[in-house]
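Both backbone and side-chain heavy atoms feed into the values below; hydrogens, waters and symmetry mates do not. Nothing fancy with the numbering, it's 1 onward along the sequence.
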Amino acid sequence: MGVAGHNDPLIGETTCGSLLQQLQLIWDEVGESDEDRDKMLLQLEQECLDVYRRKVDQASNSRARLLQQLANAKSELSRLLCALGELSVSGIPDKTTGTIKEQLEAISPFLEKLCREKDKRIREFADVQLQIQTICGEIAGSLQVGDHMETPRVNEDDLSTKKLNEFLSELQALQKEKSNRLHKILDFVSSVHDLCSVLGMDFLSTVTEVHPSLNDSVGAESKSISDATLSKLSKMVIQLKEEKSKRLEKIQALASQLTDLWNLMDTSVEERRLFDHVTCNMSSTLDEVTAPGALDLDLIQQAGLEVERLDQLKASRMKDIAFKRQAELEDIYAQAHIAIDTSAARDRILTVIDSSIFEPSELLADMENQILKAKEEALSRKDILEKVERWMSACEEESWLEDYSQDDNRYSATRGAHLNLKRAEKARLLVSKIPVIVDTLMAKTRAWEQEHGMPFSYDGVHLLAMLDEYKVLRQQKEEEKRRMRDQKKINDQLAAEQEKLFGSKPSPARPQSSRKVPGPRANGGTVSGTPNRRLSVHQNGGGRSASRDGRRDSARPAAPVNYVAICKEEYSNNPAASSP
């Protein structure tokens, strides 16, 4: 077996052929047999095959490794695309072509790009998840202010934009929830601050009982927003509002007592001003009381001590206070024309004050009840009293009209005559309504008596009896007028017959100069022989007079003349006649 080889002198390199030639020359010199030469050549050929085989194996292993790398790269590429939610990456050929190394070189840039994108996504996911866990911890109250959470583990199998957007939406909702809770916290803290200011309480010590982070020195973003903090703050605001309501009721009661005591004892304005900060809230609502310290406990205590002091002072001045209340009661009865025994009432007050079981508050409460009842009774009598005033006014106009009608100079061109004429026209119209006024007044009086179950008295006289008597006297007056008119006709006829017999008229009964002129009857003169006695409306003897021009003074008349005065006097002298 021979090995082909040659020695190329131009190349000058040792080749297998040149070495084989050298080996044959050596064998020729040595004299190796052909059998030994074939064995040695066979051994050389086997050794060459072993070398080639090793090289082929090495090349196969290298190709297998490259193929594995290529497969791993493709698998990593697919996994990254799936994790990132990408269907494909631009630039990667759809069909792999070329050698294995060329394919690896084509995939490597995209693989590195996707790895960088993956690392970026992991950081984004970690940041968003950390914020979510932080806010959840703040809401749950498990994370204290200043604490830091560990970086959360990110699921690298799903780093898609969709998943990231879901986390971002969750984070946005939690941030909104945090913002709403923070606004509630700040509103509650503001309410606690305002309430503590009004109540005179220390705000910092009060609010930090709920949570230390609610201090003003702590920033808004660092304040606790947990459910427990919100619940405690809400309860605290409710408790403070209830306390404010209780204190306001108490201070308003004290202010009312102070005002009543001041009014009772005629306290000076200067002394009252010392407690303006108490009385200014007497009629305020709960929301209107906002002044700092307006409901401080010290202020309430100070007002309470002042009420106690005034109560003690009131006891020492009880007699003056009681008589002042009695005077107020008497004035109400006088205005309502209700007759009472004032002397007996004042004696009773003195007896109560001098008694050993005297209690000032009970006496004042009893007098307040009397004043209240008197006001109610006066109010129920108001309509009837107004009609009585109208009746009296009409009676006075009737009296004036009688005087005016007897004046022979009423139509003369004197000063103010036209005013008297106008007044006379109005007086005649008003006098014509007197019967209707009286009937209406009697009907209303009967209705009042039926409703209240008691007679209606006017200055101690039964009004219905007085009206009945008035109607009788008025009827008698009308009959007297008719009789006088008839007598006048007879006198005129006699005068006419005398004139025919004797040729002249008899002289008048009295000269013209002796007739009265319309005006006030200061001496209580008579009209047609009837005494002019008046019923005092206010029991002061005042009356209404007529001026020179016939106009009335501004004061109301003391009472109607003639008939009403007679009724008043007769029923005052005979109480039995006033019974219904």
Side-chain angles (χ1 to χ4, degrees), residues 325-326 328-345 348 365-399 429-479 533-540 556-580:
R325 279 285 186 261
Q326 180 62 26
E328 182 180 350
L329 180 63
E330 292 173 1
D331 184 60
I332 295 173
Y333 280 132
Q335 292 180 9
H337 295 277
I338 301 174
I340 60 173
D341 190 349
T342 58
S343 298
R348 185 183 66 84
D366 179 62
M367 298 195 72
E368 288 293 339
N369 290 332
Q370 292 184 44
I371 291 174
L372 182 61
K373 291 179 180 178
K375 289 180 178 179
E376 292 176 354
E377 186 175 357
L379 183 62
S380 69
R381 296 165 60 93
K382 182 179 178 181
D383 188 29
I384 295 178
L385 291 177
E386 289 176 352
K387 287 180 170 49
V388 170
E389 284 291 316
R390 188 182 179 191
W391 169 48
M392 291 180 175
S393 177
C395 289
E396 184 192 281
E397 289 298 296
E398 182 182 25
S399 176
L429 180 61
L430 183 59
V431 169
S432 65
K433 296 180 180 179
I434 287 180
V436 177
I437 294 174
V438 172
D439 291 340
T440 303
L441 182 56
M442 293 181 71
K444 285 190 173 292
T445 304
R446 289 193 183 95
W448 187 94
E449 291 182 349
Q450 185 177 3
E451 179 182 356
H452 294 80
M454 58 185 293
F456 188 101
S457 298
Y458 187 93
D459 289 336
V461 179
H462 187 203
L463 182 58
L464 280 179
M466 185 167 62
L467 291 171
D468 288 336
E469 185 66 17
Y470 168 78
K471 293 178 71 174
V472 172
L473 292 176
R474 184 175 179 83
Q475 185 176 1
Q476 293 176 356
K477 180 67 176 179
E478 293 297 331
E479 292 176 355
R533 289 168 290 179
R534 296 176 180 267
L535 171 61
S536 175
V537 177
H538 300 290
Q539 298 181 351
N540 57 8
R556 291 292 301 152
V561 296
N562 301 335
Y563 322 118
V564 180
I566 295 172
C567 295
K568 163 68 176 175
E569 184 168 324
E570 288 181 356
Y571 280 88
S572 296
N573 295 331
N574 186 14
S578 64
S579 60

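What you find for I340 and E330 is that their closest heavy atoms are CD1-CG, 4.0 Å. The minimum heavy-atom distance between A394 and I434, with the atom names listed, is CB-CG1, 3.6 Å. Minimum interatomic distance between E397 and V431 (heavy atoms only, all atoms of both residues): C-CG2, 4.3 Å. In plain terms, the two heavy atoms of C395 and Y470 that are nearest each other are SG-OH, 3.5 Å. For A378 against I332, the heavy-atom pair with the smallest separation is CB-CG2, 4.3 Å. Nearest heavy atoms, F456 versus H462: O-CD2, 3.4 Å.
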Hey, mind stepping through L464 and R446 against side chain to side chain contact (heavy atoms under 4.5 Å, CB included) and telling me if it holds?
-> CA-CA 8 Å; L464 280 179; R446 289 193 183 95; 3.7 Å; yes
Please report the C-alpha distance between E386 and R390 in whole Å, then the side-chain angles of each, then the deciding distance to 0.1 Å, and finally whether the side chain to side chain contact (heavy atoms under 4.5 Å, CB included) criterion is met.
-> CA-CA 6 Å; E386 289 176 352; R390 188 182 179 191; over 6 Å; no
Stepwise side chain to side chain contact (heavy atoms under 4.5 Å, CB included) test for Y458 and L385 | CA-CA 9 Å; Y458 187 93; L385 291 177; 3.7 Å; yes
Could you go step by step and tell me if D439 and K471 meet the side chain to side chain contact (heavy atoms under 4.5 Å, CB included) rule?
-> CA-CA 10 Å; D439 291 340; K471 293 178 71 174; 3.4 Å; yes
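Considering CG of L473 and CG of D468, their distance stands at 11.0 Å, rounded to 0.5 Å. Separating the CE atom in M442 from the CE atom in M466 is a distance of 11.0 Å, to the nearest 0.5 Å. In this structure, the separation between NZ on K387 and NZ on K444 is 4.5 Å, given to the nearest 0.5 Å. Annotation: the span from L329 atom CG to M367 atom CE amounts to 6.5 Å, rounded to 0.5 Å. Rounded to the nearest 0.5 Å, atoms CG (L463) and OG1 (T445) are 4.5 Å apart. For the atom pair CG (L467) and CG (L441), the distance works out to 5.0 Å, reported to the nearest 0.5 Å.
For K375, there are no side-chain hydrogen bond (donor to acceptor under 3.5 Å, both in side chains) partners, not counting sequence neighbours. Under the rule for a side-chain contact (heavy atoms from CB on, under 4.5 Å), the partners of S432 that lie at least two apart in sequence or sit in another chain are L429. Residues that satisfy the side-chain hydrogen bond (donor to acceptor under 3.5 Å, both in side chains) test with E368, not counting sequence neighbours, are R325.
For the pair T342 and Y333, the minimum side-chain heavy-atom distance is 4.5 Å or more.
The local environment of CD in E479 is crowded, with over 12 non-hydrogen atoms from other residues, nucleotides or ligands closer than 6.0 Å.
T440 places a side-chain N or O within 3.5 Å of a backbone atom of V436 that can act as its donor or acceptor partner. A donor-acceptor pair under 3.5 Å is formed between the side chain of R381 and the backbone N or O of H337.
We find that E398 and K477 are not joined by a salt bridge, their nearest charged nitrogen and carboxylate oxygen being 4.0 Å or further apart.
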